[in-house]
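Atom set for the values below is all heavy atoms of this structure, side chains included, hydrogens, waters and symmetry mates excluded. In what follows, every chain begins at residue 1, and chains take the letters A, B, ... in the order their sequences are listed. Here the structure is a predicted model, which means the values were calculated and not measured.
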Number of protein chains: 2
Amino acid sequence: MIRVMLTDDQNIVLQGIATLLELSEQIEVVGRADSGEACLEQLAAGLRPDVILLDIHMPGMKGMDALREIQANYRIPVIFLTTFDDAYLRQQGAELGAKGLLLKNIALEELVDAISRVAAGANLLNTADLPHTEHMTPRENLIARALAEGRTNKEIARLQNLSPGTVKNYTSNLFSKLGVRNRAEAIVRLKELGLF
Amino acid sequence: MIRVMLTDDQNIVLQGIATLLELSEQIEVVGRADSGEACLEQLAAGLRPDVILLDIHMPGMKGMDALREIQANYRIPVIFLTTFDDAYLRQQGAELGAKGLLLKNIALEELVDAISRVAAGANLLNTADLPHTEHMTPRENLIARALAEGRTNKEIARLQNLSPGTVKNYTSNLFSKLGVRNRAEAIVRLKELGLF
DNA sequence: CGCCACCCATGACAAAGGTCACTTGCCAAA
DNA sequence: TTTGGCAAGTGACCTTTGTCATGGGTGGCG
């Protein structure tokens, strides 16, 4: 039996997937968390699953943030669950050490199969054959977050103690890294990625 | 036994919730669809559930679109499943005839309870005590859709054979109806509502 | 009929957004 | 120690966006 921990902010989804996994008879759900924070708490309390399934898109701490923390403190393989497949997410996830990225519209058998393979040490996100994606610097990350909330440049400048011109430079860089033309498209893209 | 049809684009979520409902012993899941289109097809093929559970946020046909179609052709009560509670969704849903709006982070018992009550004829969305929300005209709806894709005013004008100035007027009206200041916030809001 | 909601449009104006070139300071790797 | 990347900033310049006033046209409804 593979011991799995599941994290998803939507309770009914969390319980639903957990029940499905239990039914597979190959997997035991030993932990359920409804936020990145709750997931980390349970790990801090001593829970040691074989694999962690992590939803990317959650209010508060995002999947990526949680992944960073988990990688920094534990040696437990993490698989992302998300709505959209995306080169950017694969890249970011792989760099941070995630072992897989699975779509939520997947069949149960495929999910179980992927979990088994990762539990056995496999890495389903092979960095080698990923296309190169420029990743964000920490500052850009902050800017991106504010952008994804619909903030204006002026507001972002005030909130982060920068000059408005500087903010424009950052957003401008972000756009080219995201492959978009303006902030509207950037927001759509960021939401699509489930990053913020 | 209450005969329920479930619609959600994410297969693992669809199967998960279905399994949970089945386990409740009070509900029988007689139909599963992974899109609004698929839901309507099954109804057209003669399926007649007692209640339809509909995810609002789906690629392609949205929950609201599906609801419109269902109301136009059948007399089956519809309950929305969504991530965010929101006055706007309640208002729109209620006007189109939905009987309930439930958050996905809800306990199973509450979900079962709500389904039972709606199956028994209850309306959990009482129009009377809803705050008045201005709703979009058909044209505004088209504009909103394009807006939510990150289109510029010029593009929208070209795509819909309007003058750029006209588009600005529509977007401007939209912003005030949505209670936002600019297109960035509008996109955030529309995504939040799961409308596009 | 008159009223209203919706549709479409224009022009003017101010504010916000986006690009570019160029500068400075820091820190880390070669 | 030189080189290079990153953070941070400035100013110029142009485009896009948003608001407002104002004008028509249509079609339904009391």
query = Closer than 4.0 Å, any side-chain N/O of Ser163(A) to the OP1 or OP2 of dA8(D)?
reply = no

inquiry  = I'd like to know if the side chain of Arg32(A) pairs up with that of Gln15(A) as donor and acceptor (distance under 3.5 Å, no hydrogens or angles considered).
reply    = yes

inquiry  = Could you work out, with side-chain contact (heavy atoms from CB on, under 4.5 Å) as the rule, every residue matching Gln10(A), not counting sequence neighbours?
reply    = Asp8(A), Val13(A), Thr83(B), Lys104(B)

ask   = Across the strands shown, which category fits Pro138(B) at heavy-atom distances under 4.0 angstrom: base, sugar-phosphate, nothing?
value = sugar-phosphate

Below 3.5 Å between N/O atoms, which protein atoms pair up with nucleotides 12-19 of chain D? Just atom names and distances, please.
| unit_1 | atom_1 | unit_2 | atom_2 | d |
| --- | --- | --- | --- | --- |
| dT16(D) | OP2 | Lys154(B) | NZ | 3.2 |
| dT17(D) | OP2 | Asn153(B) | N | 3.3 |
| dG18(D) | OP1 | Arg183(B) | N | 2.6 |
| dG18(D) | OP2 | Arg183(B) | NH1 | 2.6 |
| dG18(D) | N7 | Lys168(B) | NZ | 3.4 |
| dG18(D) | O6 | Lys168(B) | NZ | 3.0 |
| dT19(D) | OP2 | Ser172(B) | OG | 2.3 |

message = Between P on dC8(C) and CG on Asn161(B), what's the gap in Å once rounded to a whole number?
response = 10 Å

query = Between Glu140(B) (CD) and dA5(C) (P), how many Å, whole number?
reply = 13 Å

query = Any side-chain heavy atom of Ser35(A) sitting closer than 4.5 Å to one from Thr7(A)?
reply = no

inquiry  = Do the side chains of Lys177(B) and Glu140(B) get close enough for a salt bridge, i.e. N-O under 4.0 angstrom?
reply    = yes

inquiry  = So, OP1 or OP2 of dC6(D): does either fall under 4.0 Å of a side-chain N or O from Arg139(A)?
reply    = no

pair Ile115(A)-Leu21(A): side-chain heavy atoms closer than 4.5 Å = yes

request  = Could you tell me whether the side chain of Asn105(A) reaches within less than 4.5 Å of the side chain of Asp34(B), counting heavy atoms only?
outcome  = no

key: Side chain proximity check, Leu124(B) to Arg117(B), heavy atoms < 4.5 angstrom   = yes

Euclidean distance, atom OH of residue Tyr170(B) to atom P of dC6(C) [Å, nearest integer] = 10 Å

message = Does a side-chain N or O of Thr166(B) approach OP1 or OP2 of dC7(C) to a distance below 4.0 Å, or not?
response = no

request  = Nearest whole angstrom, please: distance from the C1' of dC6(C) to the CG of Leu142(B).
outcome  = 13 Å

key: Atom-to-atom span, NZ of Lys177(A) to C1' of dG5(D) - whole angstrom   = 11 Å

Interatomic distance where CD1 belongs to Ile143(A) and C1' belongs to dG17(C) [whole Å] = 14 Å

message = I need the CG-P distance between Leu162(B) and dC6(C), as an integer number of Å.
response = 16 Å

Distance in angstrom units between Ile187(B) CD1 and dG17(C) P, rounded = 12 Å

